[in-house]
Each structure stands twice: as structure tokens, then as C-alpha cells.
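Take a look at the structure below.
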Amino acid sequence: MLIGYSLNNQGLIHYYEKEYLKSIKYYSKSLPYLIEDENYRAIFDAYNLIAKSYIKLNKTKKALKYNLLIDSLYQKQKITFYAQKNSYSFLIKYYKNNQDIKNQLKYINRYLKVDSILNVRSKNLSKTFTEEYDRPKLIAEKQKIISELNNEVSFYKKSRIYIAIVLILSFILFLYQVRKRKKQEQKFDNLTLKLKNKKVVENSVNSNTNTQKTLPETIITELLAKLDSFEQQPENFTNNKLTLSILSKELETNSNYLSKVINQKKVVIFLRTYEN
């Protein structure tokens, strides 16, 4: 154990002589002995001076490591020393510079707790903390950080509400578009069906027109008149032997003409029925 404490003393001497690399070297060698001896005051002091040496050498990340070791050891042992105040001062400044307000608030709270314990132990109020911090300033900064965190939470909640509203409106708009599209498809189907029916009628009319073109108008008119006259005689409907050939002879025309005129008359009747 004497070797460990001898190394520890050499580390302290090199630190005050501003030989920071040597100080780190000797303190690091002494740590296993100090840990084995469970001398927590010496361990905290070694971590603290190693961290300070790294700060002097502008090696902030390595200084951060040892200050976090001080905090970790304090959380486990709950033994308070002045080295922890230096450590928390560093951590507050570090996380403030990195705009990490949650960690900044955490270490402000731990700093205030350690300082209160040390003040009670020494039975007087500490007039100063470090070159950079005093109690009123830290408390004010703590309240500021809490306010900022509350604003962040409030903004997060509002953002969630706005997002929910946008999603609901988007869903309603989607349903409206789907319904509108179905109505348009139904209208299109109805229009298509109507156009098909119209085409059937037009084809029938065209067929009638073609028939009219193939027969002279005088013959068509004459045969239609004869057919009307023939239909007005009830006894003609009871003749089971009536054929197109017999009827054409009865009407004094040929069967081809008569067939075309009869088909035309059927089309006219169909068109009147469709229009009604």
C-alpha cells in the first residue's frame, strides 16, 4: 500500500509543477492500490486531478471520462467530498456548451445537493462555489432549464394533436374521394348503358332507312295502306293457311316487297313503344 500512496503523492507533486502528463501517469498507477484500500477520498482526488490535468492539456473528452467516473462512484457510495463539486462544475459547463439541457439540469441538481451536504458538514454557508457558479446563479439557471423542458413537452403534445387532426382530415378526404369516384363510375356505367340502347335504336332506324331506300316511296305507301285495310278485317286473322305468298297475291304485290314493308311496320311500332 505504501507504494500506491507514494505514487499518489508523486502525481500531486507533478500536477503542481504543471507536469500534467507525468501527473496523470503517477495517479493512474496509484489508483489500483487506492481502490484495493477503499480509500474513497483519495480515489475521488485522483480522478479529479487526472481530469484537471486533461483539461490543462485541452483533452476535454478524456477529462469528461474521469468526471463521469467521479459521478458514478458518488452514486454508488454516497460519500461526499469537495472533488465532486469540481466534477459537477465541469459537467454542467460541458453539457451547457453542447446544448444538452437535460444533463445540464441533472448535474445542477447534483451540484446543489453536494454543496448542501458539504455546507451542513462544515456548519456554515459556502460563499462561493467555483469561479463560474454561485448558488443564486445555479438556482436561476435550474429554473430556466425546467421552463425550457416544460415548453418542449408542451410543444411535443401540441404537435401530436396537430398531427392527429391532419391524419383525421386526410382520412375524411380520402373517404370523400372514394365515394365521389364510385358515384362517377356509376354515372359512367349508366351513360354507357344509355348509349348502347341508343345505338340499338339508331341501328333499327338505319335498317328502316335502308329498307326505304330499296323500295320506292309510292309502293311502300300503297302496301302499308293495303296492310292496314287487311288488318281491319277480323276474318283474316282466323285464316290459319295464310302465308306471305298468299298475302302478297291478295295484296297484288310480290312477297319480297311485302316482307320488307311488314318489317318496316314492326320497326315503327317498336320505336313508338320505346319512345313512350
Side-chain angles (χ1 to χ4, degrees), residues 4 8 11-12 15-16 20 23-24 26-28 30-157:
N8 187 272
L12 180 61
Y15 177 81
Y16 284 116
Y20 300 117
S23 178
I24 292 169
Y26 282 99
Y27 270 122
S28 298
S30 73
L31 277 170
Y33 298 97
L34 302 178
I35 292 171
E36 184 180 355
D37 194 34
E38 297 184 356
N39 188 337
Y40 294 110
R41 177 188 289 275
I43 295 169
F44 278 120
D45 287 340
Y47 284 156
N48 183 41
L49 288 176
I50 290 173
K52 283 186 173 182
S53 296
Y54 277 125
I55 292 171
K56 296 292 185 180
L57 294 170
N58 293 320
K59 295 183 178 181
T60 307
K61 292 292 184 181
K62 290 188 176 181
L64 174 65
K65 173 185 174 182
Y66 282 91
N67 281 305
L68 289 174
L69 283 173
I70 291 173
D71 175 57
S72 177
L73 184 59
Y74 175 67
Q75 298 307 315
K76 290 179 181 178
Q77 302 300 329
K78 300 298 181 183
I79 303 174
T80 309
F81 298 108
Y82 280 94
Q84 292 145 9
K85 289 176 63 175
N86 294 328
S87 176
Y88 289 137
S89 294
F90 171 87
L91 293 171
I92 291 167
K93 182 178 178 181
Y94 177 83
Y95 287 111
K96 182 178 181 179
N97 291 338
N98 285 275
Q99 298 181 343
D100 186 343
I101 58 176
K102 289 184 179 179
N103 275 321
Q104 186 185 354
L105 177 61
K106 179 172 75 172
Y107 292 114
I108 286 175
N109 286 330
R110 290 182 182 178
Y111 190 111
L112 292 172
K113 180 180 178 181
V114 167
D115 182 71
S116 297
I117 294 171
L118 292 173
N119 285 339
V120 170
R121 184 185 298 169
S122 61
K123 296 182 180 180
N124 58 49
L125 294 175
S126 176
K127 293 182 180 179
T128 60
F129 274 19
T130 64
E131 295 177 357
E132 220 173 317
Y133 294 104
D134 55 42
R135 180 173 291 274
K137 182 178 178 181
L138 273 181
I139 292 174
E141 193 163 358
K142 174 183 175 180
Q143 294 302 323
K144 180 182 176 182
I145 292 171
I146 291 173
S147 177
E148 289 178 2
L149 289 173
N150 288 335
N151 289 337
E152 283 186 6
V153 171
S154 177
F155 176 77
Y156 175 71
K157 288 181 178 178

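What you see is a predicted model; the values in this text were computed from it and never measured. Sequence positions, counted from 1, serve as the residue numbers for this chain.
Among all heavy-atom pairs drawn from K56 and Y15, the shortest one is CE-OH, 4.4 Å. Annotation for S23 and S53: closest pair OG-OG, 3.8 Å, computed over non-hydrogen atoms. Shown here for Y95 and Q104, the closest heavy-atom pair between the two residues is CB-N, 3.9 Å.
A donor-acceptor contact under 3.5 angstrom links the side chains of Q75 and D71, judged on distance only.
The line from CZ of F44 to OH of Y82 is 15.0 Å long, rounded to the nearest 0.5 Å. If you take CD1 on I92 and OH on Y111, they are separated by 6.5 Å, rounding to the nearest 0.5 Å. Between the CG atom of L49 and the OH atom of Y16 there is a distance of 6.5 Å, given to the nearest 0.5 Å. For the atom pair CD1 (I50) and OH (Y27), the distance works out to 8.0 Å, reported to the nearest 0.5 Å. Of the inter-residue distances, the one linking K52 atom NZ with D45 atom CG reads 9.5 Å to the nearest 0.5 angstrom. Interatomic distance, CG of L57 versus OH of Y20, reported as 8.0 Å (0.5 Å rounding).
In this structure, K78 is positioned above the aromatic face of Y74, its NZ or CZ under 6.0 Å from the six-membered ring centre and within 45° of the axis.
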Report task. May I have the step-by-step check of side chain to side chain contact (heavy atoms under 4.5 Å, CB included) for L12 and Y26, ending in yes or no? Result -> CA-CA 9 Å; L12 180 61; Y26 282 99; over 6 Å; no
Query - Audit row: L91, N103, side chain to side chain contact (heavy atoms under 4.5 Å, CB included) steps and yes/no - result: CA-CA 8 Å; L91 293 171; N103 275 321; over 6 Å; no
Requested in this report: Under the side chain to side chain contact (heavy atoms under 4.5 Å, CB included) rule, what do L73 and L69 come out as? Steps first, then yes or no, please.
Outcome: CA-CA 6 Å; L73 184 59; L69 283 173; over 6 Å; no
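Of the candidates L112, V114, D115, I70, V114 is the only one forming a side-chain contact (heavy atoms from CB on, under 4.5 Å) with Y88.
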Please set out all donor-acceptor pairs under 3.5 angstrom arising from side-chain atoms of residues 59-68, sequence neighbours excluded.
{"residue": "K61", "atom": "NZ", "partner": "Y94", "partner atom": "OH", "Å": "3.0"}
{"residue": "N67", "atom": "OD1", "partner": "S87", "partner atom": "OG", "Å": "3.2"}
{"residue": "N67", "atom": "ND2", "partner": "A63", "partner atom": "O", "Å": "3.0"}

